[in-house]
Amino acid sequence: MKTKIAVLGGGNLGSALAQGLARTDEASSAYQVTITRRNAGLIRHLEDQGITVTSDNIAATEQADQIILAVQPTQIEELINEIKPALDPDKHIIASTMAGISSDEIAKLTGPGFAILRIMPNTAAAINESMTCIEQTSHKEAEERIVALFETLGKTLVINSELMEASTVLGACGIAFFLRYIRAASQGGNEVGFHAEDAQLIAAQTALGASSLLLNSNTHPEQEIDKVTTPKGCTITGLNEMEHNGFSSALIKGIKLSYEKIENIR
Ligand SMILES: NC(=O)c1ccc[n+]([C@@H]2O[C@H](COP(=O)([O-])OP(=O)(O)OC[C@H]3O[C@@H](n4cnc5c(N)ncnc54)[C@H](OP(=O)(O)O)[C@@H]3O)[C@@H](O)[C@H]2O)c1
């Protein structure tokens with residue numbers, strides 16, 4: 001029998017999760033996905049991928065085994081109040097994507113007894129390349145099931161709850177940080193001779209290659225950089241110029257400030 005997943009909040013992230021689950025062979029045999037938003041018409045196209053689209057949160061909750069909360073933090077209280085009559089601690093595992101909201105805060109809204117796990121995926125879930133950090137919990141069976149679900153959407157890492165904010169910055173916000181790097185590299189490529197489209201292809205595929213080198217070979221970035229930087233060559237000249245202008249420092253400072261921002265929102 002298929003595991004029924006309800007994604008409540010079909011915005012940017014919720015839609016990405018549903019799309020990724022609909023794309024996996026495993027998902028098509030193991031998971032049945034329902035996604036909700038109030039303006040369901042805006043995501044009706046997801047039905048083409050075999051996803052059930054509705055604005056009925058209660059019906060979606062009643063039929064689900066696992067519930068993924070993907071609304072904005074300011075919208076959660078209203079949503080939980082709505083679905084509370086349909087929530088069953090003996091049946092439902094609840095996974096929350098919300099940045100800056102702890103499991104305890106959600107438990108206060110749902111009432112006691114639920115397996116509630118914070119998860120931090122990213123929008124690359126849409127193409128099954130998410131990095132999803134999952135909060136370690138005492139609900140081990142629920143944790144295993146959520147890990148299995150998110151393994152179909154990319155890579156997973158189970159982490160201590162104190163690290164959830166850090167994972168938000170590095171993994172979820174990280175998508176935007178890396179995309180901005182690719183955009184800037186494309187603009188540089190444009191200036192040295194490529195049409196914008198070709199520059200973007202070269203920059204994006206090169207970013208993918210660099211990333212795959214680390215993931216496949218388990219090497220350190222500097223080992224791979226050493227292979228590219230010939231003495232007095234153009235790579236080290238460009239790289240050092242970037243560093244003189246604060247490249248690494250800008251990234252580290254950005255990540256730290258982003259982290260402080262989440263901490264301040266809480
Ligand atoms: N975007 C990311 O990359 C990312 C990554 C990791 C975590 N997160 C977290 O994921 C959550 C969603 O982020 P997002 O960027 O996807 O936001 P979003 O695009 O604003 O999506 C939220 C969606 O929730 C729907 N919604 C609001 N109230 C609802 C209700 N009562 N019932 C059903 N649907 C409802 C909204 O649609 P309607 O107005 O039509 O109902 C909206 O489409 C946030 O808490 C965020 O912290 C996001």
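Values below: every heavy atom of this structure, side chains too, minus hydrogens, waters and symmetry copies. Positions are given from 1 along the sequence. Just follow the structure's listing: the first ligand is 1, and inside any ligand the first atom is 1.
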Any idea which protein heavy atom is nearest [atom], and the distance to it?
atom	answer
atom 32 (N) of ligand 1	N57 ND2, 2.9 Å
atom 21 (O) of ligand 1	G11 CA, 3.2 Å
atom 12 (C) of ligand 1	A70 O, 3.1 Å
atom 9 (C) of ligand 1	T97 O, 3.2 Å
atom 25 (C) of ligand 1	G9 CA, 3.8 Å
atom 39 (O) of ligand 1	R38 NH2, 3.0 Å
atom 47 (O) of ligand 1	A99 N, 3.0 Å

My understanding is that we take every heavy atom of each candidate and find the minimum distance to [atom]. Doing that for [options], which one comes out nearest?
atom	options	value
atom 20 (O) of ligand 1	E78, Q72, E77, R37	Q72
atom 3 (O) of ligand 1	I119, L17, T123	T123
atom 15 (O) of ligand 1	L8, L42, N12	N12

Atoms of ligand 1 close to [X] [distance to a heavy atom under 4.0 angstrom, numbered from 1]:
X	answer
M120	6 (C), 7 (C)
P121	5 (C), 6 (C)
M98	45 (O), 47 (O)
L79	31 (N), 32 (N)
G10	43 (O)
A172	5 (C), 6 (C)

Worksheet item: Do E105 and K108 meet the salt-bridge criterion of a basic N to acidic O distance under 4.0 Å?
Response: no
Worksheet item: Applying a strict 4.0 Å limit to heavy atoms, is T36 in contact with ligand 1?
Response: yes
Worksheet entry | Hydrophobic cluster identity match, M131 and I175, side-chain contacts under 4.5 Å | no
Fill in: L251-M242 co-clustered via ILVMFWY side chain contacts under 4.5 Å
yes
Item to complete: Would you give the length of the straight line joining atom CE of M164 to atom OG of S96, rounded to the nearest 0.5 angstrom?
Response: 8.5 Å
Worksheet item: Looking at CD1 of I83 and CD1 of I80, how far apart are the two atoms once the value is rounded to the nearest 0.5 Å?
Response: 4.5 Å
Are [X] and [Y] close enough that a side-chain donor and a side-chain acceptor fall under 3.5 Å?
X	Y	result
E241	N245	yes
Q32	T3	no
T36	N57	yes

[X]-ligand 1 polar pair, N/O distance under 3.5 Å:
X	value
V71	yes
N122	no
L13	yes

Discussion item. If the test is salt bridge (Lys or Arg N to Asp or Glu O under 4.0 Å), which one of E165, E162, E135 qualifies with R118?
Written reply: E165
Worksheet item: Looking at side-chain heavy atoms only, is the closest gap between L117 and E143 below 4.5 Å?
Response: yes
Fill in: Side chain to side chain, M98 and Q72, heavy atoms closer than 4.5 Å
no
Worksheet item: For I94 and T110, what are the C-alpha separation, side-chain angles and deciding distance, and is it a side chain to side chain contact (heavy atoms under 4.5 Å, CB included)?
Response: CA-CA 10 Å; I94 300 175; T110 60; 4.1 Å; yes
